[in-house]
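Just so we're clear, the structure is a prediction, and the values are computed from it rather than from any experiment. Letters go in sequence order (proteins before strands), and every chain restarts at 1.
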Protein chains: 2
Amino acid sequence: MVGDNGATRGGLDDGTHPTKDGKKATIRDVANWAKVSLGTVSNVLNDPDRVAAATRNRVLDAIEATGFIRNIAARQLRGGGSKAIGIVILDSSNPFFTEMIRGAEDALRPEGYLLIACSTDGNEERETNYLRHLEEHQVEGVLITPSDDNLGQIIEFHDRGTPVVLVDRESNSGELCSVTVDDVKGGSIAVTHLIEEGHRKIVFINGPSSIRQCRDRRAGVDVAIRTLKNNSNTDKIEIVDIGVPALSIAAGEDIANSLLDIDPSITAIMCANDLLAIGVMRGITRSGSDLLSRIALVGYDDITFSSLVSPPLTSVRQPQYDLGHAAAKLLLEELADATHRHREIRFTPDLVVRESSCKHSIQS
Amino acid sequence: MVGDNGATRGGLDDGTHPTKDGKKATIRDVANWAKVSLGTVSNVLNDPDRVAAATRNRVLDAIEATGFIRNIAARQLRGGGSKAIGIVILDSSNPFFTEMIRGAEDALRPEGYLLIACSTDGNEERETNYLRHLEEHQVEGVLITPSDDNLGQIIEFHDRGTPVVLVDRESNSGELCSVTVDDVKGGSIAVTHLIEEGHRKIVFINGPSSIRQCRDRRAGVDVAIRTLKNNSNTDKIEIVDIGVPALSIAAGEDIANSLLDIDPSITAIMCANDLLAIGVMRGITRSGSDLLSRIALVGYDDITFSSLVSPPLTSVRQPQYDLGHAAAKLLLEELADATHRHREIRFTPDLVVRESSCKHSIQS
DNA sequence: ATATGTTTTTGAAACGTTTCAATAAATGAA
DNA sequence: TTCATTTATTGAAACGTTTCAAAAACATAT
């Protein structure tokens, strides 16, 4: 039938060669091989029910015979999506972010999306650069932990047409979806634990106040103290703030020396994240000091290795994998529904108590 | 001048609107705004010296006024590259791989490439799937740590036109570039250290022999023993092999219990990687046993956290960042030079001695 | 055999950008 | 002013795929 059609056409001297000159097979090669039109091959690929079974099988045979691999760029140009999602993180050596990527990847893989990973290291110019490249690639969406408090460029990026989900960062006015952890609560439960252990003078080692997570965790400390004052006759509690330029192992190590001669009435240290706490631990251990045996230490994040350090670190557990997974799900939702309403998913952290904070005996 | 040309043409009623209906500006919008041809805009973007300064500035102004963002898919379709590189790794929660990605990203970023990250978790089917998706996207190259010993599908993938660099894996017949570490040597120096510390009966906990790194590291043990026998009157050295199904913390923990009642003449344990060693450490610590204070332990990789565990782990240091960085450089080299000759870059590991292996006193 | 309704297939055009032969414009020398 | 050479700009066509109106093919009833 279709063979007759081809004969009726005559002059079809493109022949039935699958590929020429080792070039990759295109949809035209498949069509020639199966003696159907380009549109029929496209229908077999994208809307198979619209094609008669016999034709469909012939096309599928042709696809196999020619070794056809579809060209996403061509589809994209004609109006299809890129099947790629960008994920922009702050630091690829922080297990917090790599777990998060893992969660996102596991959500996106079954949907056939590829994940383009970009590390900004907190550098806004690099973030700008990455966003531009992602836009040229017309990624279908972006999951991003912002490098700066000011969301201006990210909102503009979104307004130019690319869906965005903020990760571990809320949207100020609900113009973007976001997935967050209640860091105020995280700060509260950490310091509450220390206070219940009897600590009354606590150091809080914090990163830059431009980072909202740092601010929230510190604010949670104040909330907890206020709550405890209202509820009981707790002794006066004092927080001593120390600032570091970055939330890294190195920054923690750098500050460790200044902790060695610390006021003896200080009996506990709370760090804004685990890398900082681990760095403090490492710096103190390296100095040969026994400070760690008399001072309680609490981190934040509960990264995989926090239970492995010495002493095992008490830490506020963040659902890192769930953050990434939920963010990706939210993005898929926004892509699937043009009437999608932006929302925030907020996770509640919990405290994992280990040796670093509860082997101490405080004499009141 | 050019304005006159436009007037001469007449009938150009496309007008000078930057965008219509909120759509993204295309090269046509820029051309209309600047009153030049599409080709001139393209020349300004790609070959600016070919355009007169006055014209060039007008086009640049138009690009800014219209908010033009280039469309990579269109360029790709016309024959340009995708400016994307795939990186296929085994396990995104192993810091070995995340450091490697970091190295690759740092090499590729300045060249304007985006990095598509794919985790196979050692699953060959997932590797197949990812390679197919990467091929549809026409990535300019792929860095890959294979999930299987058999490189068949990767070689076919490469033969279909996408440059490939193997990472931490050599190419059997030099048909692919590769970046490796001499794991035979790594195994040798690790066991040599133990033997020089006086150990004569040593457990080697290894992963699946289908993984070439596992085989090489174990082979390095034999090389070292043979060398020592030839060079001195060393006592008889015995290696006790234990196999585990995966190179993970969990696999290490699972095997820890069977180590508790181990033959007392065994004084040292060598693990095929750090995660395994850390898992063993964790399992033994959890059981409350003091085995770690009488047995030496050596890992392999020297991931970031190995120095932080208790006791700090002696480990063969792999240049993870350098592996990724060198692999990316090799790929860029292959992309830049059609006459490129495939080669292997081989790094030599070194041993980082820490507390886990050298605080023991062996009575001969 | 003809008319009608349904299913299947076709193929022109679109998508945004690059490329390069042809054309136009500019420059310098006689 | 004319001519030759150099520089700058143009625009048609290509790239691979999808889309949808039109045409063709098929099935059924009269």
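Remark: A:N46 is in phosphate contact with D:dT18, judged by side-chain N or O atoms under 4.0 Å from OP1 or OP2. The phosphate of D:dT9 has neither OP1 nor OP2 within less than 4.0 Å of any side-chain N or O from B:T40. For A:S42 and D:dT18, the shortest distance from a side-chain N or O to OP1 or OP2 is below 4.0 Å.
Residue B:V51 is in sugar-phosphate contact alone, with no base atom involved, counting any heavy-atom pair closer than 4.0 Å across all strands shown. Using a 4.0 Å heavy-atom cutoff across all strands shown, A:G39 reaches at least one base atom of the nucleic acid.
Distance CG (B:L38) to P (D:dA14): 16 Å, rounded to an integer number of Å. In this structure, the CG atom of B:N32 is 17 Å from the P atom of D:dT9, given to the nearest Å. As rounded to whole Å, 12 Å separates atom C1' of D:dG16 from atom CZ of A:R78. As rounded to whole Å, 11 Å separates atom P of C:dT17 from atom NZ of B:K24. With rounding to whole Å, B:L45 atom CG is found 11 Å from C:dT19 atom P.
Electrostatic pairing of B:D322 and B:K329 does not count as a salt bridge here, judged by no charged N lying under 4.0 Å from a carboxylate O.
Nearest-nucleotide mapping onto DNA chain D: of B:L77 and A:R50, the residue sitting toward the 5' end is B:L77.
Of the N and O atoms on the side chains of A:D337 and A:T339, at least one donor lies less than 3.5 Å from an acceptor on the other residue. For A:S92 and B:E105, the side-chain atoms include no donor-acceptor pair closer than 3.5 Å.
A perpendicular orientation is assigned to the rings of B:H340 and B:H342, their planes being inclined by more than 60° (bins at 30° and 60°).
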